[in-house]
Amino acid sequence: MEPGLPCFIFFTLVGFVFTSFNDFHHNNTQHHDYCVLGAGPAGLQMGYFLSKAKRDYIILERNSGPGSFFEKYPRHRKLISINKIHTGRRNREFNLRHDWNSLLSDRPDLLFKRVSSEFYPPADKLPLYLSMFEKELGLKVRYRVDVGRIRAVESAAERSYILTDQQGGDYTCRVLLVATGLWVPQMVEFVGSDLVEGYESISTNPEDYKDQAVLILGKGNSAFETAQSIIGTAGRVHMLSSSPVRLAWQTHYVGDLRAVNNELIDTYQLKSLDGLVEARLEKIVIAERKDQCKRAPGGKKKAKRRQFYLMLKKYPQNSHDKNSSGVTQEELSGYIIDNFPMRKPYDRVIRCLGFRFNFSIFDSSASPPNSENAKGRLPGITAWYEGKDSPGLFVLGTASHSRDYRASAGGFIHGFRYTARAVHRVLEHRYHGNAWPSINLSTTQLLSWILKRISEASGPYQMFEVVGDVILLQGPRCEYVEEFLLQALPRFSSLSGHQVSSHGFIVLVMQYGKKKIDYLGHGRAETDWTKAWKSNFLHPVLYYYDRLPTEEEMRMRPHGWPLPRPKAIHHMVEDFLTEWDGPLSHIQPLRHFLEHCVQTDLRAFYADSCFRAALTHRKPPLFCQQGYLNRQGLSRSTQLLQHTFDNGPPRSQHHDAGTSDANPAFPSYLAPAGGCLSSGLKLDFCQLH
């Protein structure tokens, strides 16, 4: 026997066994009820909800760790999502209003502040936080699974989805939750687009741009982030896009330009070489001069540094090849118009146009359509985040932003963590028969509960005009359903499992005013509660309906309204402190509105007043019916009143619910201030003294 033959046979057998095992592993289809595609923030957030509900799920991630997008982006490594960890409050729900990076969980310590205390954190901290979130919650994530094809299969029983990975292995699931984010660079085709560098591949070393003229295509945060990084070393920086700059503090849309990135606006307005220009990218030409080479002494051609010229398509007249990116001097826009603003050449042209959804992994049986907004960069989805024409496929996270594009925060962690929770509640009802979580309240408790929600709830606050609370009126009691998807209101019963009674319902929404104003000018805020409907900044609005609106009514709602016209509406005047706890400006008008909706006196009474009402009225106030007449209540006494007015509630017993301490002297100053102690209803009962 040859000396090396045993070794050859051994390694051949080992290779055969390994190959057979590998083939078996990848050809064996794995079945799960839920497949979550992507282990970014949205995928892990949904994984938490599925894990908590003890569902059969798997999270598939093509890279080696969670949040891999943030290992590269943003390129200049600073997040623009705020991380305000010092709010002066201990209320977890309130603090989430100002924590834009943490995911939702029942762990009070599992917050982003554990990895960073910076207000604008380094981007490297987000994958670190997501890894901590995944490991400490024990989420089921499978890494290095690159799904390259998704197809839908119909059976007599149901529709399912098959995901095929890079090794040919299949994963089959009843529900597919797509949380892949946006990572494919957005391109625009124009003459000379091949000469442009991409945001995804440019150098991030400012020294590489020393004394260079740079043209940046785009005026979003990635474009301004790039401009800001080179503004101190580049000779000049010009930015071009089809629309003017939109500032987040003017539009209230966090995806617009943030102040942390806008230094170039200063240098433009103060005329320090930089500038902003508007033109449609499809109408421009990026070209090189054909005659850029000069003859050096001795007859040899001397190559110059490559320089690029920007032109508008309507100016070149002599070029025979319309797709050519080479032009002569006579064809330059600056030659035809001598004060053309961008007539000087550029050393670099950089494309910073954002990202789009990766549709390529879906075959025709499973692919959601392109969105009608956002230039078709996003998948088209229903109001409950299910793919249009793709039942059982739901889109989460940034990719679901078509539902509130340029309107709310659904494209960002502090927004889509709430829409992911809403989608999970839809799934729980549809597939497991569990109704949307709700709180059963006495109608007399409704005012206090609404005040608590508007002063501390983070979901409606962050996802304003998209997520809101639905209050189902049921006579002496009500059902409080938190954070429902407002645009899905016509299908409320089928999605939530709750029914609307003949008493109707109220929807609580946070919204901005629609009037165009100077947001830093005089008179920008409304302080008169009688003109609350004129509020410009974020404020609560309550809509009362006696029935669910139809799909047609939802489509035909007034422009800029989150909901159709209601039977009654109440705006709570905006509050500088966002607490809405003013007895005269906020609480009393709200109580009057609620009394109109429920047709019941909602004031609170002492036991002796309830006793007199029970003796003198056929129907005492609801508070007395549910309190005193049910053997509950508080006896009124001069000593108790005096103690309350002098001292207020004990500090040790005060629970921070996101509002300031109530003023114990409230009744004493109502009359001098013109306040009314009576109910908003024309009832035959007044508060007894």
Side-chain angles (χ1 to χ4, degrees), residues 87-89 91 93-94 97-98 441 443-462 464-465 468-471 478 480 482 506-513 515 523-544 562 566 568-598 600-604 623 644 648-649 654-681 687:
T87 65
R89 301 286 185 84
N91 186 305
E93 183 68 13
F94 174 87
R97 289 182 169 187
H98 311 287
L441 299 171
T443 299
T444 57
Q445 298 174 303
L446 183 55
L447 174 63
S448 298
W449 196 263
I450 290 176
L451 291 171
K452 173 182 171 65
R453 289 288 293 169
I454 63 177
S455 65
E456 69 176 34
S458 59
Y461 189 91
Q462 299 288 23
F464 53 88
E465 303 184 18
D469 294 350
V470 178
I471 305 158
C478 58
Y480 202 103
E482 296 181 356
I506 298 171
V507 182
L508 171 61
V509 186
M510 302 295 288
Q511 61 186 70
Y512 282 94
K515 185 180 178 181
R524 61 187 176 270
E526 183 58 63
T527 57
D528 183 352
W529 68 268
T530 65
K531 300 177 182 178
W533 58 276
K534 291 185 176 181
S535 296
N536 294 309
F537 291 89
L538 195 66
H539 64 285
V541 183
L542 292 93
Y543 296 73
Y544 169 72
I569 189 169
H570 176 68
H571 288 256
M572 295 182 67
V573 70
E574 57 189 297
D575 184 44
F576 184 72
L577 300 177
T578 63
E579 293 181 346
W580 294 283
D581 60 352
L584 290 178
S585 296
H586 302 121
I587 299 175
Q588 185 170 255
L590 173 61
R591 177 170 61 80
H592 286 177
F593 172 77
L594 294 176
E595 288 176 335
H596 172 76
C597 295
V598 302
T600 300
D601 189 338
L602 295 180
R603 289 173 296 165
F623 182 86
T644 302
H654 177 68
H655 175 67
D656 182 5
T659 60
S660 62
D661 294 339
N663 191 329
F666 169 50
S668 66
Y669 66 70
L670 271 178
C676 178
L677 283 170
S678 66
S679 168
L681 294 176
Q687 186 173 12

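None of the values given here were measured: they were computed from a predicted structure.
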[atom1] of [X] to [atom2] of [Y]: how many Å apart, nearest 0.5 Å?
X: T600; Y: R603; atom1: OG1; atom2: CZ; answer: 12.0 Å
X: Y480; Y: Q445; atom1: OH; atom2: CD; answer: 13.0 Å
X: Q588; Y: H592; atom1: CD; atom2: NE2; answer: 4.5 Å
X: Y461; Y: I454; atom1: OH; atom2: CD1; answer: 12.0 Å
X: C597; Y: L542; atom1: SG; atom2: CG; answer: 8.0 Å
X: E595; Y: L447; atom1: CD; atom2: CG; answer: 9.0 Å

Check for a donor-acceptor pair, side chain of [X] on one end and backbone N or O of [Y] on the other, with a separation under 3.5 Å.
X: E574; Y: H539; answer: no
X: R97; Y: Q462; answer: no
X: N536; Y: R524; answer: yes
X: W580; Y: V573; answer: yes

Decide yes or no on side chain to side chain donor-acceptor pair (under 3.5 Å) for E93 and S458, but give the supporting numbers first. CA-CA 6 Å; E93 183 68 13; S458 59; 2.8 Å; yes
Which residues pass the salt bridge (charged side-chain N to carboxylate O under 4.0 Å, His left out) test with E465, not counting sequence neighbours? K514
Would a 4.5 Å heavy-atom cut-off, applied to side chains only, mark [X] and [Y] as touching?
X: I506; Y: L594; result: yes
X: K534; Y: K515; result: no
X: L446; Y: L602; result: no
X: S535; Y: H571; result: no
X: D601; Y: F623; result: no
X: W449; Y: C478; result: no
X: L538; Y: T578; result: no

Name all residues meeting the ring-ring contact (aromatic ring centres under 6.0 Å, His included) criterion together with Y512; count only those two or more places apart in sequence or in a different chain, and write none if there are none. H252, F464
Which heavy atom of [X] sits nearest a heavy atom of [Y], and at what distance?
X: N91; Y: E456; result: ND2-OE1, 2.9 Å
X: D469; Y: E482; result: OD1-CA, 3.4 Å
X: P589; Y: W529; result: CG-CE3, 3.4 Å

